[in-house]
Amino acid sequence: MAGIMTLKGSHAVVTGAARGIGAAIAQALAAEGARLTLLGRRRDALQALAAELSGVGHGVVVADVSDPAQVDAAFAEARARGPVTVLVNNAGQAETAPFAKISTELWQRMLAVNLTGTFLCTQAALPDMLEARWGRIVNIASTAGLKGYAYVAAYAAAKHGVIGLTRSLALEVAKKGITVNAVCPGYTETDILRDGIANVVAKTGMSEAEARAQFVAGNPQGRIVQPRDVADAVRWLCSDAASSITGQSISVSGGEVML
C-alpha cells in the first residue's frame, strides 16, 4: 500500500461510529473511497449508517471497546473484509462531577471507555498496518486533553492519556509507514454537548439558550464546532497530504486552544 494517493481500496475501522462525530468521520472517509467497518454498541444504528454511505463493501461490528475479548472478536470479524489500514478511535464518553465527588466507578469508567478502549483497538489494528508498511491511526481526543476544565477531571485525565499514547506510539512506528495523530475537538454539536447543556440547565435554572451561550462563549469564533469540522481534519490526516504529520494533537476548537 506504499504510495497510496487516495483512500480508495483502504479498509477503515471507525469506533463509536453510529452518530455524531463518528458518523461524520465515516461519511467523510467513505467519500474518499475507503471501505468502512463501523464499530459501536447499537447494531441497528450502525446498519442504518452503513446503508447510507457512498461506496460498497461496508460492514458493522458490535463491541464495547473497553472489553478486550469483544475488541478482539470485533477486529477478527472486521478483518474478514480485508486488512485494517485506517483506524479512527472515536468511541468516548464524558461525565461531570466535582472532584471530591468523583467515585472510583466513575473514574474507572472514564479511563475504560476513553483511554483503554483506544489502547485495545489500536493494538488490534496495528499488526495489519505493520505488515502493509502503511497505516493511519487517528485518535479523537478533546481540548480537555490539552487543557483543564472544571468538573471533568476524570474525563480530562483520560483524554490527556490518549494524547500521551498518541505521541509515544507515533515515535515507535515513525519509520514503518504509519502515522498516529490526535484530533482535539472543542465543544461540538453532539449528544455529549446536549447532555452538558441539560446538566447546566438542571443545576442552575438557566434556560437552554443561556446554557448554550456559555458553551459558545469559550470559542473565539463564537460558534459550536460541527461534527463535519472534525471529520474534515480526520480526512486530511488519513490522506497522503499529511504523510509527514505524526505525533500531533490538532485542536479543532475555533482558536480556544492554540499550541
Side-chain angles (χ1 to χ4, degrees), residues 13-17 20-22 25 39-41 63-72 74-75 86-126 129 135-174 178-188 190 192-193 195-196 225 230 233-234 237 245-253 256-259:
V13 173
V14 180
T15 73
I21 290 173
I25 290 169
L39 188 156
R41 292 184 294 180
D64 176 346
V65 296
S66 68
D67 184 309
Q70 290 189 38
V71 169
D72 285 346
F75 274 82
V86 176
L87 171 66
V88 182
N89 286 304
N90 170 71
Q93 185 179 355
E95 295 184 44
T96 63
F99 183 80
K101 295 185 177 180
I102 295 174
S103 65
T104 303
E105 291 76 19
L106 187 155
W107 176 265
Q108 295 293 352
R109 192 160 55 245
M110 291 300 94
L111 292 180
V113 175
N114 295 295
L115 181 55
T116 301
T118 296
F119 161 72
L120 292 173
C121 291
T122 302
Q123 271 204 332
L126 192 57
M129 300 182 192
R136 296 288 187 265
I137 299 171
V138 183
N139 300 321
I140 307 303
S142 167
T143 48
L146 299 171
K147 57 181 277 189
Y149 290 101
Y151 306 112
V152 290
Y155 175 76
K159 291 301 189 179
H160 273 74
V162 169
I163 289 173
L165 185 159
T166 298
R167 291 171 175 167
S168 296
L169 181 59
L171 292 173
E172 286 193 33
V173 300
I178 302 166
T179 65
V180 188
N181 291 287
V183 172
C184 302
Y187 292 120
T188 306
T190 63
I192 289 177
L193 176 66
D195 290 345
V225 175
V230 183
V234 173
L237 287 171
I245 310 300
T246 195
Q248 303 304 303
S249 301
I250 297 174
S251 175
V252 181
S253 63
E256 177 192 352
V257 177
M258 298 186 185
L259 298 177

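Computed from heavy atoms alone, side chains included, the values below leave out hydrogens, waters and symmetry copies.
Within the structure, the salt bridge (charged side-chain N to carboxylate O under 4.0 Å, His left out) test picks out the following pairs touching residues 94-108 (sequence neighbours left out): Glu95-Arg109. Applying the ring pair (Phe, Tyr, Trp, His ring centres under 6.0 Å) test to pairs two or more places apart or on separate chains, none has a residue in residues 90-122. Residue pairs meeting the side chain to side chain donor-acceptor pair (under 3.5 Å) criterion with at least one partner in residues 116-125, sequence neighbours excluded, are Asn89-Thr122.
In this view, Thr104 and Gln108 satisfy the side chain to side chain contact (heavy atoms under 4.5 Å, CB included) rule, not counting sequence neighbours. Looking at residues two or more places apart in sequence or on another chain, you find a side chain to side chain contact (heavy atoms under 4.5 Å, CB included) between Asp67 and Asp64, Ala69, Gln70. Considering only residues two or more places apart in sequence or on other chains, Gln248 meets the side-chain hydrogen bond (donor to acceptor under 3.5 Å, both in side chains) condition with none of them. Legend: residues meeting side-chain hydrogen bond (donor to acceptor under 3.5 Å, both in side chains) with Thr246, ordered by chain and number and at least two apart, are absent. Residues forming a side chain to side chain contact (heavy atoms under 4.5 Å, CB included) with Ala125 (at least two apart in sequence, or on another chain): Phe75, Val84, Leu87, Met129. Applying the side chain to side chain contact (heavy atoms under 4.5 Å, CB included) criterion to Glu172, with sequence neighbours excluded, gives Leu169. Remark: Ser253 engages Ser251 in a side-chain hydrogen bond (donor to acceptor under 3.5 Å, both in side chains) (not counting sequence neighbours). Legend: residues meeting ring-ring contact (aromatic ring centres under 6.0 Å, His included) with Tyr149, ordered by chain and number and at least two apart, are Tyr187.
For the pair Val230 and Val183, the tightest heavy-atom approach, listed with the atom from each and the gap, is CG1-CG1, 3.8 Å. In terms of heavy atoms, Ala63 sits closest to Leu39 at O-CD2, 3.9 Å. Nearest heavy-atom pair, Ala124 versus Val71, reported as atom, atom and distance to 0.1 Å: CB-CG1, 4.1 Å. When all heavy atoms of Asn114 and Gln93 are compared, the closest pair comes out as ND2-O, 2.8 Å. Shown here for Ile102 and Ala154, the closest heavy-atom pair between the two residues is CD1-N, 4.1 Å. Taking all atoms of both residues into account, the shortest heavy-atom contact from Ala91 to Thr15 is N-OG1, 2.9 Å.
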_Candidate pair Leu146 and Ser249, rule side-chain contact (heavy atoms from CB on, under 4.5 Å), full reasoning_ = CA-CA 8 Å; Leu146 299 171; Ser249 301; 4.0 Å; yes
*Show your working on side-chain contact (heavy atoms from CB on, under 4.5 Å) between Ile137 and Leu126 and close with a plain yes or no.*
CA-CA 9 Å; Ile137 299 171; Leu126 192 57; 4.1 Å; yes
Donor-acceptor list for residues 156-166 side chains, cut-off 3.5 Å, not counting sequence neighbours:
unit_1, atom_1, unit_2, atom_2, d
Lys159, NZ, Ile140, O, 3.0
His160, ND1, Ala144, O, 3.1
His160, ND1, Ala156, O, 2.9
His160, NE2, Gly145, O, 3.4
Thr166, OG1, Asn139, ND2, 2.8
Thr166, OG1, Val162, O, 2.8

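Taking OG1 of Thr188 as the reference point, atom CG of Leu193 lies at 7.5 Å (rounded to 0.5 Å). Here the CD1 atom belonging to Ile245 is positioned 7.0 Å from the CG atom belonging to Asn181, to the nearest 0.5 angstrom.
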